[in-house]
Structures are given as C-alpha cells and as structure tokens.
2 protein chains.
Amino acid sequence: MIYSSELIKGTLKTIVLKLLNDNKKMYGYEITQRVKEMTGEKIQITEGALYPTLHALEQEGLLTTQVEYMGKRVRKYYSLSPEGKAKTKERVKEFASFMDTMAFLLDIKPKIA
Amino acid sequence: MIYSSELIKGTLKTIVLKLLNDNKKMYGYEITQRVKEMTGEKIQITEGALYPTLHALEQEGLLTTQVEYMGKRVRKYYSLSPEGKAKTKERVKEFASFMDTMAFLLDIKPKIA
DNA sequence: TACAATGCATTGGTTTCTTATGTATCTTTG
DNA sequence: CAAAGATACATAAGAAACCAATGCATTGTA
C-alpha cells in the first residue's frame, strides 16, 4: 500500500531536512531509496519531485553541496548548513505539533510505542 | 501560531469528512469556524479552499446537500452519503497510518494522552 | 449609519507534485 | 556479449490543491 500522493503533499521538505540532519551527507538517489526502505515502500519519492526540492532548499541557503566522482559517475552530496539545522529543528517541531492537532481533530488514538 | 499552509495541504478533505461524520450536517461557514475553534486557531480554513472542496466531494458522491433559510439568509447544509461514511473511515485510517510512518521517519515521540 | 460578522461563491495566481523524457554509467543475466 | 535493469543526474509540461482577493447579500452591533 502506498499513501495517496495527496497525503504526502507538503511533507517532502521536512523529510529531506530530517534525513540530512541525521546523516551528515546524502545524495539524491540515496534519499529516495532510504525513504522507500524506512517506510516499507509506503512513501515513494519521485525524482521529479526530489531534485527541484533539493535545488530549492539549496537556493534558500539551507543546504550545501559537494560533488564526488565514483569512477566516471557523478554524485552530488547534500549537507545541512547551520541555518538548515535550525530550520530542521523548527520544521520537525511544527510537524509534531501539527500531528497532535490532527490527531485531536480526527479523534485518533496515539499508538503505544 | 498558524501552521504553514504547506503542512495543511492534502488534509482538508479528510478534515471535512471527519467533521461531517461526527456532526450529521454542517454548512460551510460553520466548518471553518469549528476547525478554527477546535484547533485554537492553528488551522484556518479559507473559504477559497473550502467551497471548491465541498463541491468536489459532492461531485464524487460523498456528500449530499440541503438548503435552508434562516430568515432571508441561505444556508447550504452538507451531510455524508453512505459512500461518504465509508470513505471517511478509510481516509482517517490511512491518515493515522501515515502519522505513524511520519513519526518514525522524523523520530517524533508520541505524546502521552 | 458605518463596520464587523455571517454566508454563499468565483477568479487568478502560486506552489507542489506527477508523468514523461533525456543523458550517461555501471552491473547483472541469459 | 548484448540487453536489461539499476544507479545517478536533470528538466519540462501539466495537473492538483490551495491562497488571496474580490464580489454579493444579510444580520448584528457600536
């Protein structure tokens, strides 16, 4: 089962920031695979969505890049800038609060962890 | 604090369906006010978003309408159809699962209720 | 009597994502 | 060894969902 793309709207930036926060540096393709793996394929990030998002985050000054070569193949690694780290904390916190609000609105019982 | 509109994207239909599920019948303006009130103003539904959504849900056969007059003022009440009720259950369940997935991805601890 | 609130609705524009396509390299398999 | 699939980047056209602004009309309030 894959979540309807409607649900995932608006969460992509937060996911990317959080992954980079926990992994120091990652490249685009790696991000798509990691998310697929971590969510049991329930969230699939398409490259057409990811790359523009990465470029946007870089433009915003939240990410820095460094290119590496594996043989002849290019890899573009992304890392959080200091502002990116701050922004990540902010966004994750906001999302957590949003989830609480939604859980209340939809009368969803929190899962016991 | 109001949640960034980015976050709320994709949740509007679910919210509307759930409210109608719990309240038998509601009119548009009432929905905007109820959500504002239930979320401590953290979620604001604009009318430009709500009315097209209500019309879409009606087109999908999930809602039925009945017009009532309060003096000269029109009120258009929306109610769930049987398919709407089924869809609501489905969507809320999907959202709950999505929240679990996101909590895991973002490493968010569930709030103790 | 003016302003705010109630109540419906649409329109134009933006953001965000999807689908499709393009280029190139590396690995696996028949 | 050729073809297919995986890896890896990227863009472009279009759809979907939402926001901000506006419009109309009625009711309540200062």
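Quantities reported herein were computed from a predicted structural model and do not represent experimental measurements. All chains are named by letter (A, B, ...) in the order of the sequence lines, taking the proteins before the strands, and each is independently numbered beginning at 1.
With the nearest nucleotide of DNA chain C identified for both Arg73(A) and Ala49(A), Ala49(A) has the one nearer the 5' end. Residue order along DNA chain D, read from the 5' end via each residue's closest nucleotide, puts Glu30(A) first among Leu12(B) and Glu30(A).
The side chain of Tyr51(A) places no N or O atom within less than 4.0 Å of a non-bridging phosphate oxygen (OP1 or OP2) of dT11(D). The shortest distance between the side-chain N/O atoms of His55(B) and the OP1/OP2 oxygens of dT10(C) is below 4.0 Å. Within the structure, every side-chain polar atom (N or O) of Lys9(A) is placed at least 4.0 Å from both OP1 and OP2 of dT18(C).
Atom P of nucleotide dC8(C) and atom CG of Leu50(B) are separated by 9 Å, given to the nearest angstrom. Across the protein-nucleic acid pair, Arg34(B) atom CZ and dG7(C) atom P stand 12 Å apart, rounded to whole Å. Glu68(B) has its CD atom 15 Å from the C1' atom of dC8(C), to the nearest Å. Between the CD1 atom of Ile45(B) and the P atom of dG7(C) there is a distance of 16 Å, rounded to whole Å. For the pair Ile31(B) CD1 and dA9(C) P, the computed distance is 11 Å after rounding to whole Å. When rounded to the nearest whole Å, the span between CG of Leu7(B) and C1' of dC17(C) equals 16 Å. Between the P atom of dT18(C) and the CD1 atom of Ile2(A) lies a distance of 11 Å, rounded to the nearest Å. The distance between atom CE of Met70(A) and atom P of dA8(D), rounded to the nearest whole Å, is 8 Å.
Nearest nucleotide to the Lys72(A) side chain, out of dA8(D), dC17(C), dC26(C): dC26(C). Each of dA17(D), dA9(C), dT11(D) was ranked by its minimum atom distance to the side chain of Glu6(A); first place goes to dA17(D). Comparing dC8(C), dA5(C), dC18(D) by their nearest atom to the side chain of Ser5(B) picks out dC18(D). Comparing dA9(C), dC18(D), dC17(C) by their closest approach to the side chain of Tyr78(B) singles out dA9(C). Considering only side-chain atoms of Thr46(B), the nucleotide from dA8(D), dC17(C), dC19(D) that sits closest is dC19(D). Set against dC17(C), dA6(D), dT27(D), the side chain of Tyr29(A) has dA6(D) as its closest nucleotide. You'll find that the side chain of Pro52(B) is closest to dT10(C), out of dT18(C), dA10(D), dT10(C). In this structure, the nucleotide among dA10(D), dT10(C), dC18(D) sitting nearest to the side chain of Lys76(A) is dA10(D). Here the side chain of Arg75(B) is nearest to one of dC18(D), dT11(D), dG7(C), namely dG7(C).
No donor-acceptor distance shorter than 3.5 angstrom exists from the side chain of Ser97(B) to the backbone of Lys93(B), with no hydrogens or angles considered.
For Thr39(B) and Tyr3(B), the side-chain atoms include no donor-acceptor pair closer than 3.5 Å.
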Which is it for Arg91(A) and Glu94(A) under the salt bridge (Lys or Arg N to Asp or Glu O under 4.0 Å) test, yes or no, and what are the steps along the way? CA-CA 5 Å; Arg91(A) 270 185 169 271; Glu94(A) 191 193 4; 5.5 Å; no

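The pair Glu90(B)-Lys87(B) meets the salt-bridge criterion, with a side-chain N (NZ, NE, NH1 or NH2) lying under 4.0 Å from an Asp/Glu carboxylate O. Using a cut-off of 4.0 Å between Lys/Arg side-chain N and Asp/Glu carboxylate O, Asp107(A) and Lys109(A) are scored as salt-bridged.
Heavy atoms of Gly48(B) sit under 4.0 angstrom from at least one base atom.
When every heavy atom of Thr32(B) is checked against every heavy atom of Ile45(B), the shortest pair comes out as CG2-O, 3.6 Å. In this structure, Glu47(A) and Pro52(A) approach most closely via the heavy-atom pair O-CD, 3.8 Å.
In this structure the side chain of Leu63(B) reaches within 4.5 angstrom of the side chain of Leu80(B), judged on heavy atoms.
For residues 14-22 of chain A, proximity to DNA chain D is found at no residue, defined as any non-hydrogen atom under 4.0 angstrom from a strand atom.
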